[in-house]
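These notes are about the structure you will find just below.
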Amino acid sequence: MYEKHLMICGATGCISSGSQSVEEALIEELEKHKIRDKYRLVMAGCPGFCEVGPIIVVYPDEVFYCRLKPKDMAELVVKHLVGGEIVEHLLYKGPDVDAPARFFDTIPFYTKQKLKVLRNSGLIDPESIDEYIMRGGYSAFTRALDLEPPAICAEIKAAGLRGRGGAGFSTGLKWELALQAPAVKKYVVCNADEGDPGAFMDRSILEGDPHAILEGMLICGCAIGADEGYVYCRAEYPLAIKRLKTAIKQAEEYGLLGQNILASGFNFKIKIKEGAGAFVCGEETALLASIEGKRGMPRPRPPFPAQAGLFGKPTTINNVETLANIPLILKEGGVAEFSAIGTEGSKGTKVFALAGKIRNTGLCEVPMGITIREIIYDVGGGIKGGRAFKAVQAGGPSGGCIPAELLDLPIDYDSLNQAGAIMGSGGLVVMDERNCMVDLAQYFLSFTQKESCGKCIPCREGTKRMLEILNRITEGEGKPKDLDTLDELAHSIKDSSLCGLGQTCPNPVLSTIRYFRTEYEEHINEQYCRSGVCKALFHYRIDQERCTGCTACSRACPVNAITGVKKEAHQIIQESCTRCGSCIEKCPQDCIMITPVGRKADVSN
Amino acid sequence: MSAIKLTIDGKELEVAAGTTILQAARELGIDLPTLCHDPELPPNGACRLCVVEVEKAKSLVASCVTPAAPGMVVHTESERVVRVRRSILSLLIANHPLVCITCEQTGSCKLQDYCYRYSVTENEYVGETKELPLDSSNAFFVRDMTKCILCGICVGKCQEIAGAGAIDFTMRGFITNVGPAYEDKIEDSTCVFCGLCIDSCPVGALVPKALIGKGRPWQVEKTKTICPYCGVGCGIYLQTRDNEVINVRPDFDSPVNRGHLCARGKFGWDYLQSKERLTTPLIRSEEVFVAVGWEEAFGLIVDNLKEIRSSFGPAALMGLCSPKASNEESYIFQKLFRSLGSNNVDSYSRHCHAPAVEGMTRAFGGAAMTNSMEELVSAEAIFLIEADPLKTHPIIGYRIREAIRQGTCLIAAQSEDTGLSDIASYYLQIKSGSAVALANAFAAVILEENLYNPKFINKRTEGFAAYSSSLGPEVVRRSLELTGINEEQLRSAARAFATANSAAIVSTAGGVAQEGGSLLVTALANLALLTGNLGRENCGLYLPYSENNLQGSADMGTLPALLTGYQPLREKTVRDHFSRAWKVELSEQPGLSAAALFSGYGNKTVKAMLVMGENPAACGEHREAVTEVLRNLNFLVVQEMFMTETAMLADVILPAAGFAEKMGTYTNVERRVQLNRAAIVPPGDARPDWAILTELAGRLGFKWEYESPEDISTEIAALTPQYAGISYERIGAKGLQWPCPHSEHPGSKYLYEGRFQRGLGLFTPISMDDQAKLLFSYEENRSAGKKTLCNCLSDSMRNRSVISKL
Ligand SMILES: Cc1cc2nc3c(=O)[nH]c(=O)nc-3n(C[C@H](O)[C@H](O)[C@H](O)COP(=O)(O)O)c2cc1C
Ligand code: SF4
Ligand code: SF4
Ligand code: SF4
Ligand code: SF4
Ligand code: SF4
Ligand code: SF4
Ligand code: FES
Ligand code: FES
């Protein structure tokens, strides 16, 4: 028996902030004191609060240490582990707490969360099936083995679970369709492609609680009569793939995967297919093509995958988070427990990835129906640097922005749709007054435009033209007609594209035009970017009165755009200047001014 | 299937379940624009030009991939639809060179047509355009990807139909392209130059080189005719201008090829315009050929034939008739010789297919492929044994690929990989020469596991007892040794074959035209009889012939002992019947076969020969002996298009017309009689063979009154039971499959319903020793590097065509 368990966050976020060297230092300290054996060290899954990583949580004390450096380990060992005293200065501190905070009960980031899907992440060793089982794992599956397939589908339907991969389709209904499809061979596919830039909820679950996915897939196999499953996982997630492989091996050893599982006569095997690296491969039909070894390109539906999917056989495709919810619903009493959370049309919790200008970036799991304000201000700790909130982009590149007026919008599938955004996979990018909304639209569209599979004309050609127009607008070359053209193209593309990518990719443009039309008009009519982002709309100018001719700027300029004789005032050649800003940083006199092209007065530097 | 009621543009109609909105609209005569739809390919839905508005649907739907649903209300040209269509077209031309003035596609370009239809003129969206290099390094076609609209049809054709996999989409987003991997040139890819992509491209991105600068669509004449190469008999359109062929396009309505071709049909026509064509009669004078007029040439021939006939008797005359000659020509060819009193008529090229003929005739009494090519698609299982149809009979290969797409189980037993190996459900890699052993082992397993068809065997066959007792357990054991596969492979494949409700057996040249081929044919016929896979739809034995009219030529009685429709010469009633019709006495002395002639038995009796379009001197392994026989003749006449090895030995050479220069019918491997039409006139003094023969017969004193091939065909119908109901009028665009016994008969898709030609189907046991010997002889043959499929006749065309570069 161990005295304490130390869960070091070994997920991607903390690994990049240095959790591995923290672990090494910790081991060194423990060995120095010859107490290595008394403590169990686990490189665990992500507890969500990546902003303050690396993180160690000490159990059973439930103490959350964050922003750790290797040099902190000596103190942690001596004071806490040996001395039994909490190391105050390694606890969480921030403007949202009065005193250093210990964990769930006192860290505001956690208090409004409901950890269901992320229940095990960070708490158990993701490479130990025993720990998963100890936390009640695989009991939902054994229960499912005793149920008739239609009964399983009925429970999922009754729980009101909707797909977490984007479209929000009823999972129970999808399974029922696959169950009813007449075929001997069927497949279960887990969509772990997670291509939205900035999204990492699926990765977190895969890394922190891989058995939950396997259990979800097993239950799905029981429900639809499939004996084979695939996890289609982004190749950029090596740790997730490794953990999945370990989990599959363990489940096979425990007889939870394979032939005649638990003597029930049910067979199931799971294979991993590494993704081809294209965003569109997350689209279900493209994903199937990719598993089949073809180019990942969407195909028309019907037939839906539930009728004719992988290799032409009935197939269910579910998102990672969707599947992680399954064991929660199928366990004894799970339906009631699950549907008690959430709103009328959107049950359960949803994991969001907080990014952008928000203080607490990271992952959070909140009940459906929570307002945007609560997420941003309570969980997220508000806007970084105390600036004003401008908008939040919900749903990734296919989503839309939600402006400050709608801060009290409850987050559920239907209200988001109405506001012109989508739930998507759960990305929330927060923007403040320094973000330009035209620039934002351009950023997301340039992503989807590059990722269009190229199959259908409106998506392939139309997004390119939209992007060209946005480029022009941000460069001050916009024409009054542009907004109409954008609107027309956006609607044609949405109305006629083959797959979800084309049908949704104009959303960021449409929603920014809807809520921030004046910003577009300022760009077009006045060549003015109020957020100071669109560089082409600014001149850089050296104040001839104040410049001492120190030459610091001309030496700094990477394109030799600054001329002038030593000790005399310098000038910037506007045609050559790329507005990179290097000169401003170097000027000791602060005399390089930024002037909006369309406005008279200098803004400042 | 239940019917579905829907409304399109205010009109109600009923369609079968599964019908797309596009098909339904077409039934109403509504012409929806489509750029990426191809009925031969799986649903694509890429271009979105065919979108329509469906009431209550969230967005517009692509009509080509959306099934009609009950109660649907569809608007095909609503304002919303037209707005999107115009937007799509504007987007396309914003990224298109629009060089219609010089583009070969002008006039038949869908993009051009639709822009016209929706008045899309100027670039509404200006911006970056794609710049891609022209790929024109190969000999066949040019790929100009700047004109490509990425409809994806070519990719579908190349991957799904041809199975060549030469091209695919590359890149993503705006820079998406279609082409070989790594931006290779097409000639460095796995392209087989089948041309499928070219003929399906809706715009001018893929253009045959031969066509460039040769004329506008409205200046070009199109003639529907048939490919002259293999026995498939693809329907083609010859495009001609000023008596010159400039292109071949597939017939999209032909039931044979449904818009598909292979490289030979697509590109192999240029031999017609070769400088080597013979354009005038030639006579040998000393050791050189001298050009003469027809009068002189005919005079010489008539004198010599008469002379030899009177000095040595009619049996001194012999004729060899090409299986590339039309039915009419073949018919009058044998008529001429029999009228002269000689039954010495044969084809030497058919010799290569003798094993197939022999084996099938023994088992069924007739030697034709039992079922039609399209039935392969619906067969539950296909047993492909020692065949590479994608190479020898590409359309059959395409059909097998189509069958697999639709769920047919392919069992492939091959000694060498083919384009179908890796998509087979069961792939048995057998040792070369062990095909007979494998077929027999299949039968043994089927017997042992009780998977045969006793009902069929009892009712329709004989010889079963002897056959089944020859298939003891040792057959399986021994065959594993001979074939090199393991027992599990053997049994599971045999079961898959035997348990299918309909299973077809396909074997082409590799299996049949080799030594011992007739044993394999027998073994396969046994297998088909054993499982009752004959005499009904979607099963049967497919042993397709190589040359385009090998079937028809034999049907027409260019066989020493058989008259038209395989009526035996030895029967007096038959002879009398023909004597009356032809108004000549028929000799009852059986004729000499080509094989017998060249193997030395006949060369003492035969003194004069007429060789029509054959080239025995260049054919097969006994070339030298053949040449010797021909050299020793007193008189040799050759009708030819080119100075072939055989023509070089002639005393008189008559310049013959090519297939595009004459009319006639040809019978393909599935017994489909099709009409070939003249598109151009022959070069110089060359004449169609039927005209040469008719003239010659007249000069020899016979009163033939044929004004045209059609007159001949009427006579064929009168004398040939299988062809009795076939006339030019009835053949129409789709042909007629014999047996077609009367003028109301729709033709026959498959043979032997209820009865085999010989009555009962005959099982013939094959001894173990024969099988083992075979293996040995194959090994020997392989090391001697022998050809597996004789194509000498096609070769004389191919060698003078651009396809010789393939
Ligand atoms: C362009 C595009 C990308 C997508 N990417 C993903 C993805 O990365 N992960 C995912 O789960 N679903 C993705 N989807 C949604 C899937 O098509 C599919 O709806 C989902 O996997 C179904 O699972 P669910 O019902 O559990 O949500 C994407 C859809 C589109 C159109
Ligand atoms: S909408 Fe875009 S991504 Fe989707 S199929 Fe069409 S081109 Fe491809
Ligand atoms: S902003 Fe950059 S490019 Fe422009 S003058 Fe300064 S250093 Fe040079
Ligand atoms: S492909 Fe069509 S639209 Fe393009 S240049 Fe040729 S004819 Fe004109
Ligand atoms: S010619 Fe045939 S093989 Fe070549 S690219 Fe076109 S379809 Fe493919
Ligand atoms: S080359 Fe022609 S057929 Fe191929 S994708 Fe382009 S337009 Fe379509
Ligand atoms: S398959 Fe045969 S008939 Fe068809 S094009 Fe090729 S050679 Fe000609
Ligand atoms: S990765 Fe460590 S808390 Fe998220
Ligand atoms: S023809 Fe229907 S989408 Fe192209």
Side-chain angles (χ1 to χ4, degrees), chain A residues 276-281 285-286 289 294-303 308 311-313 445-469 471-472 481 485-486 488-499 501-505, chain B residues 18 20 35-36 42-51 53 57-62 64-67 69 80-81 83-96 123-130 149-152 155 159 168-178 405-407:
Chain A
F279 175 60
V280 73
C281 285
T285 58
K294 303 183 193 139
R295 177 176 155 107
M297 262 181 153
R299 60 154 177 80
R301 296 169 302 184
F311 304 111
K313 304 287 182 272
L445 194 71
S446 70
F447 173 79
T448 36
Q449 187 270 325
K450 274 204 215 78
E451 291 297 330
S452 156
C453 81
K455 182 166 179 169
C456 52
I457 299 163
C459 173
R460 179 187 72 235
E461 309 282 335
T463 54
K464 172 73 176 178
R465 301 305 165 212
M466 283 181 73
L467 186 63
E468 284 176 340
I469 294 173
N471 286 346
R472 270 199 286 110
K481 202 172 144 261
T485 314
L486 277 178
E488 227 178 86
L489 269 173
H491 282 108
S492 287
I493 296 170
K494 275 175 79 87
D495 208 10
S496 63
S497 287
L498 168 60
C499 87
L501 193 153
Q503 287 159 4
T504 57
C505 69
Chain B
T20 61
L35 283 172
C36 72
N44 186 10
C47 74
R48 318 308 287 175
L49 198 66
C50 69
V51 287
E53 190 171 346
K58 204 170 79 216
S59 50
L60 300 178
V61 302
C64 64
V65 292
T66 310
R80 182 171 158 207
V81 167
R83 197 173 340 113
V84 164
R85 289 207 189 126
R86 297 199 47 170
S87 157
I88 289 172
L89 291 167
S90 303
L91 284 169
L92 278 180
I93 61 169
N95 188 17
H96 192 89
N123 294 356
E124 203 171 315
Y125 312 108
V126 211
E128 197 184 323
T129 55
K130 54 182 168 186
I149 56 161
L150 296 170
C151 71
V155 174
Q159 295 185 349
D168 198 351
F169 282 89
T170 60
M171 323 281 211
R172 282 196 295 276
F174 185 72
I175 53 169
T176 307
N177 193 14
V178 149
R405 273 204 302 286
Q406 307 200 349

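Within every chain, numbering begins at 1; the chains are lettered A, B, ... in the order of the sequence lines, protein sequences first and strands thereafter.
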**Request:** Show your working on side-chain contact (heavy atoms from CB on, under 4.5 Å) between A:Lys450 and B:Arg172 and close with a plain yes or no.
**Result:** CA-CA 6 Å; A:Lys450 274 204 215 78; B:Arg172 282 196 295 276; over 6 Å; no
**Asked** When you look at B:Arg48 and A:Ile457, which way does the side-chain contact (heavy atoms from CB on, under 4.5 Å) test go after all the steps?
**Response** CA-CA 7 Å; B:Arg48 318 308 287 175; A:Ile457 299 163; 5.8 Å; no
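Proximity to chain A (any heavy atom under 4.5 Å) is shown, for B:Val65, by both the backbone and the side chain. Using a 4.5 Å cut-off between heavy atoms, A:Thr485 touches chain B through its side chain atoms alone. At a 4.5 Å heavy-atom cutoff, the contact between B:Pro43 and chain A is made by backbone and side-chain atoms alike. With a threshold of 4.5 angstrom between heavy atoms, B:Thr20 does not approach chain A through any atom at all. Heavy atoms closer than 4.5 Å to chain B are found in the side chain of A:Leu489, but not in its backbone.
When all heavy atoms are compared, the tightest approach of A:Pro458 to B:Cys47 is CD-O, 4.1 Å. Residue B:Ala46 comes nearest to A:Cys456 through the heavy atom pair O-CB, 2.6 Å, listed as atom of the first residue, atom of the second, then distance.
Each of B:Glu128, B:Met171, B:Lys58 has some count of heavy-atom pairs under 4.5 Å with chain A, and the biggest count is that of B:Glu128. Most heavy-atom pairs under 4.5 Å with chain A, from the set B:Gly407, B:Gly152, B:Gly127: that is B:Gly127. Among the candidates A:Lys494, A:Met297, A:Arg299, A:His491, the residue making the largest number of heavy-atom pairs closer than 4.5 Å to chain B is A:Met297. For chain A, the option among B:Thr176, B:Val178, B:Leu60 with the highest count of heavy-atom pairs below 4.5 Å is B:Leu60. Ranked by heavy-atom pairs shorter than 4.5 Å toward chain A, the options B:Leu49, B:Val61, B:Leu92 are led by B:Leu92. Between chain A and the residues B:Leu35, B:Asn177, B:Leu91, the largest count of heavy-atom pairs under 4.5 Å involves B:Leu91. Chain B forms more heavy-atom pairs under 4.5 Å with one residue of A:Glu451, A:Arg460, A:Arg301 than with any other, namely A:Arg460.
The residue from A:Glu468, A:Arg465, A:Lys464, A:Glu461 that alone fulfils the side chain to side chain contact (heavy atoms under 4.5 Å, CB included) condition with B:Tyr125 is A:Arg465.
Separation of atoms SG (B:Cys151) and NZ (A:Lys455) is listed at 11.0 Å; rounding is to 0.5 Å. Atom CZ of B:Phe174 and atom OG of A:Ser452 lie 11.0 Å apart (nearest 0.5 Å). Of the inter-residue distances, the one linking B:Ile88 atom CD1 with A:Ser496 atom OG reads 4.5 Å to the nearest 0.5 angstrom.
Here the side chain of A:Asp495 pairs no donor or acceptor atom with the backbone of B:Ser59 at under 3.5 angstrom.
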